[in-house]
Peer 1: 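Could you have a look at this structure, given as structure tokens, before my questions?
Numbered from 1 within each chain, the chains take letters A, B, ... in sequence-line order.
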Amino acid sequence: MLSVESMEYNPKEIEPKWQKTWADAKAFEARDDSPKPKYYCLIEFPYPSGDGLHAGHVRSNTAMDVVARKRRAEGYEVLYPIGWDAFGLPTENYAIKTGKKPALVTKENTDTFRRQLQALGFSFDWSREVNTTDPSYYRWTQWIFLELHKAGLAYKAKMEINWCPKDKIGLANEEVVDGCCERCGTKVEKREKEQWMLAITKYADRLEKDLDTVDYLEKIKAQQRNWIGKSDGLLFSSPVKDTDIVIETFSAHFEAFCADTFVVIAPNHPLLPRLLDGVSNKEEILAEAKAITERRSAAGHAEIKEVEGVFTGRYIVDPVGNGELPIWIANYALAEYGTGIVKCSAHDERDFAFAKKYNIPLKPVLFPSLPEERTRVENREVCYSDMEQGILSEPADFAGKTAGQSRDAISAYAVEKGLAKKKITYKLRDWVFSRQRYWGEPIPMIHCEKCDWVPVPLTDLPVTLPDVENYQPTDTGESPLAAITEWVNTICPSCKGPARRETDTMPNWAGSSWYYLRYVDPKNDQVFCDPKKLAYWSGANEKLSTINYKLQNAGPVDWYNGGMEHTTLHLLYSRFWHKFLFDQGHVPTSEPYAKRTSHGLILADGGVKMSKSKGNVVNPDAIVLQFGADSLRVYEMFMGPFDQAIAWNTDGLVGARRFLERAWRAALRVDKEAEPSSALLVLANQTIEKVSHDIEELKMNTAVAALMILLRDIEKEERVALFPLETLIRLLAPFAPHIAEELWEKIGHSEPLYRSHWPKADSSKLELSLLTIAVQVNGKVRDTLSVPRTISEEEVRALALGRDSVKRWLEGKEPKKIVYVPGRLLSIVAE
RNA sequence: GCCGAGGUGAUGAAAUUGGUAGACAUAGGGGACUUAAAAUCCCCAGGGACGUUAAACUCCCAUGUGGGUUCGAUUCCCACCCUCGGCACCA
């Protein structure tokens, strides 16, 4: 006889029990030699911050856990790994404050995270845990860097970088938000510094184009495209009068090129001094250019309110026949986009404003169709820039046509006449890869006076971080590593002379750019990943023989979920590294992730961001203690659409817990002799279809709702029959795995549920024998009919027209038209 | 300004290709059980109107706003307003 106590739902008891069972059985460890088809689910590995796990982690981890558990039940070999993206500033800053070694802090934090994640019952393969700060891991991060270097994609360049004076660190463009440091909000300064750069721009076209080959949410693709900023147009070459200089200008809106009347050049353009050679007031102009650059810099990245500039005294001889055009220095011209020099006309807002301010002649050639508006454009009163609908007056071949319809022809015309070349430009910049901090992967390069930069030999990898007493970064912009002379001073691998190590470290995006590959073979000390294992997990065994860019698909990851905040950082960087590794023949696929989805943020009660300072952070430990892991999981799946930001509401958790309690009680009432009603049989089969489908679409909220409905109808029956109950438990298992296992055992199964299969709906039992048909009269529902499924249209018509309510609304009129939607409704029109 | 996603009860939300708007849940109201409370179970619940002791019943209005297409629009089309996310002197 069971004691009363064990009859009650007690998550504190059953959750640790099943977590231990799964761990002991190595239930979720993936095999590399499995005969089954593979499926690789990935979540972004967490940064193990001192704050511990938060509600947002739970949301995305649970969603992918649901997918992973469903896939296993469907017969796949599933890889659902976990690890730690543990290099980074917060840990280092904590070390600076407390003097505690970052490695030790990381150890403590990962221990906390591991415990918290395990308490939630995620089906991670813990045997493949990786940590980016582990030398056996970052050895391969360094190796990839050296591969990039060997291929000429890593280079050192003196350049203006974004410098955060508070964090004392150089930032990538992607890490600057509104001219401020993404992390601390401090206004970013510009500094000249020698930095390691990665030539991601060499991959711009493929990063853009190959988005067509992967299944990412449309908004993710849109953001990446936006960031890459592809723009195709024409490149014009123009000789500068009285010099031997030929300048190039890029134009994406070239349709109105006949309107060009002047040229602007960026105030910090490297060509400027040469251009001004021989101009009488050269120094004066250069000084003004410098002043303009500084004013612009001071304004930050915010929009420049007022255009300003200065005439250079030089002219180009326009190749397209607009005569001699003056070259101006203008504050709105960017040295780093296009060629840094632009031909300007009346058909651009800024050009127009600039010309007005400095009385530069304008010559409109593009006009609106309305006569009075046309006059205003002709009189140069307004700027007109509609490159779609605007009507051209020049060149003569295109006069009277719209710019939009002529674009391609004009491009061809200009190229044919030798006036310009086709050109594609990108907004994407090369990736600043150096950080002047301690807690990152050392860049494995050695500088020798004689040999310049020499890579560390592969046999010497990893270059490990030395023990340091002081992690404080310096204002000089040097990494704390620079102070460790015994580490810095080394010998040149090439000439054996004295040399110095690179003291900058890699950005925290380095380790996360390839971690999904290491999960495939996390302990390998010969290569970053065994090609055979990678072939299996890429589903590419048979493809390996034909490494051909066009034929390759995406992988190894089948489904990757993560945050939108990583779309232009991590996601783009890792696609770049993967493509590079593919080109080097190290991976069999050209894209790393077949499918990418994203979760919405979980906000605090009231819709504001959760933050420690506001004290509104939800701690999963406390929730697990009070409600149980299963309730938390179900609640986070049920709370709303997965990809949408949503506010936490502890009241909502009550509903999830109540649902599980009811399922528990229903299961204990199981009666193996009982037969379910035919309606319940149909509902159970429909629920299988609904839940299976919804999980694939990440519509977890409606999947849970469907389970609640099934439970409600199970409860309604006098006796709890086995089939509907087992269906409920199986479908519930991915969401609330502990209670599902426990109930499965309680109703008499000796084989655990995690080894069981996913249910399949019986297609003959998906429909009720009776259905309800709505009857509309003149577009409004006036009656409903309950009819057998097999009923014919004629019978429905006759039945409906015989009803009193229908007769009443027809008011004696003859139906003009009757529309019948089989099984749904009958619409009678009499007006 | 450009790109993307949205706007539905008190609240989170749901609604295959256009086909009975508001499933499911929370909060709320009422009832049962209880000495009582909690828990649990049952019922009600978009707004309004007629009407009635009360209810059933019936009708009208209602998915950001205004138009359109249609027998029928939360869904499709046009215009506009608002919110959120991203980008932005990018030529």
Peer 1: Students often get this wrong, so: under 4.0 angstrom with heavy atoms, is A:Ala706 touching a base, only sugar-phosphate, or nothing?
Peer 2: nothing
Peer 1: Strictly distance-based, threshold 3.5 Å: is any side-chain N or O of A:Asn331 a donor or acceptor partner for the main-chain N or O of A:Glu306?
Peer 2: yes
Peer 1: Without decimals, in angstroms, what is the distance between A:Leu603 CG and B:rG85 P?
Peer 2: 10 Å
Peer 1: For nucleotides B:rA79 and B:rG72, find the distance between their C1' atoms and express it as a whole number of Å.
Peer 2: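 After rounding to an integer number of Å, I get 24 Å for this pair.
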Peer 1: Mind checking side chain to side chain donor-acceptor pair (under 3.5 Å) for A:His566 and listing every partner two or more places apart, or none if nothing turns up?
Peer 2: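 Checked A:His566 against side chain to side chain donor-acceptor pair (under 3.5 Å); matches are A:Glu44.
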Peer 1: Would you kindly compare A:Tyr337 and A:Pro641 by the position of their nearest RNA chain B nucleotide and give the one closer to the 5′ end?
Peer 2: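 Comparing both residues, the 5'-ward one is A:Pro641.
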Peer 1: Need to verify one output field. Residue with the more 5' nearest nucleotide on RNA chain B, A:His693 or A:Glu715?
Peer 2: A:His693
Peer 1: Ignoring backbone atoms, test whether A:Arg657 places a side-chain nitrogen or oxygen under 4.0 Å from the OP1 or OP2 oxygen of B:rU26.
Peer 2: no
Peer 1: Ignoring hydrogens and angles, tell me if any N or O in the side chain of A:Asp430 forms a donor-acceptor pair with the backbone of A:Thr201 under 3.5 Å.
Peer 2: yes
Peer 1: For A:Lys699 and B:rA15, is the shortest distance between a side-chain N/O and OP1 or OP2 below 4.0 Å?
Peer 2: yes
Peer 1: Taking only Watson-Crick and G-U wobble pairs with both distances under 3.5 Å, what dot-bracket line describes RNA chain B, where [ ] shows pairs that cross earlier ones and | shows pairs with another strand?
Peer 2: (((((((..(((......[....))).(((((.......))))).((((........))))..(((((..]....))))))))))))....
Peer 1: Look for any protein N or O under 3.5 Å of an N or O in nucleotides 17-22 of chain B and output each such pair with its distance, or none.
Peer 2:
residue: B:rG19; atom: N2; partner: A:Gln776; partner atom: OE1; Å: 2.9

Peer 1: Of the options B:rA13, B:rC71, B:rU26, whose atoms approach the side-chain atoms of A:Lys817 most closely?
Peer 2: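 Selected nucleotide (nearest to the side chain): B:rC71.
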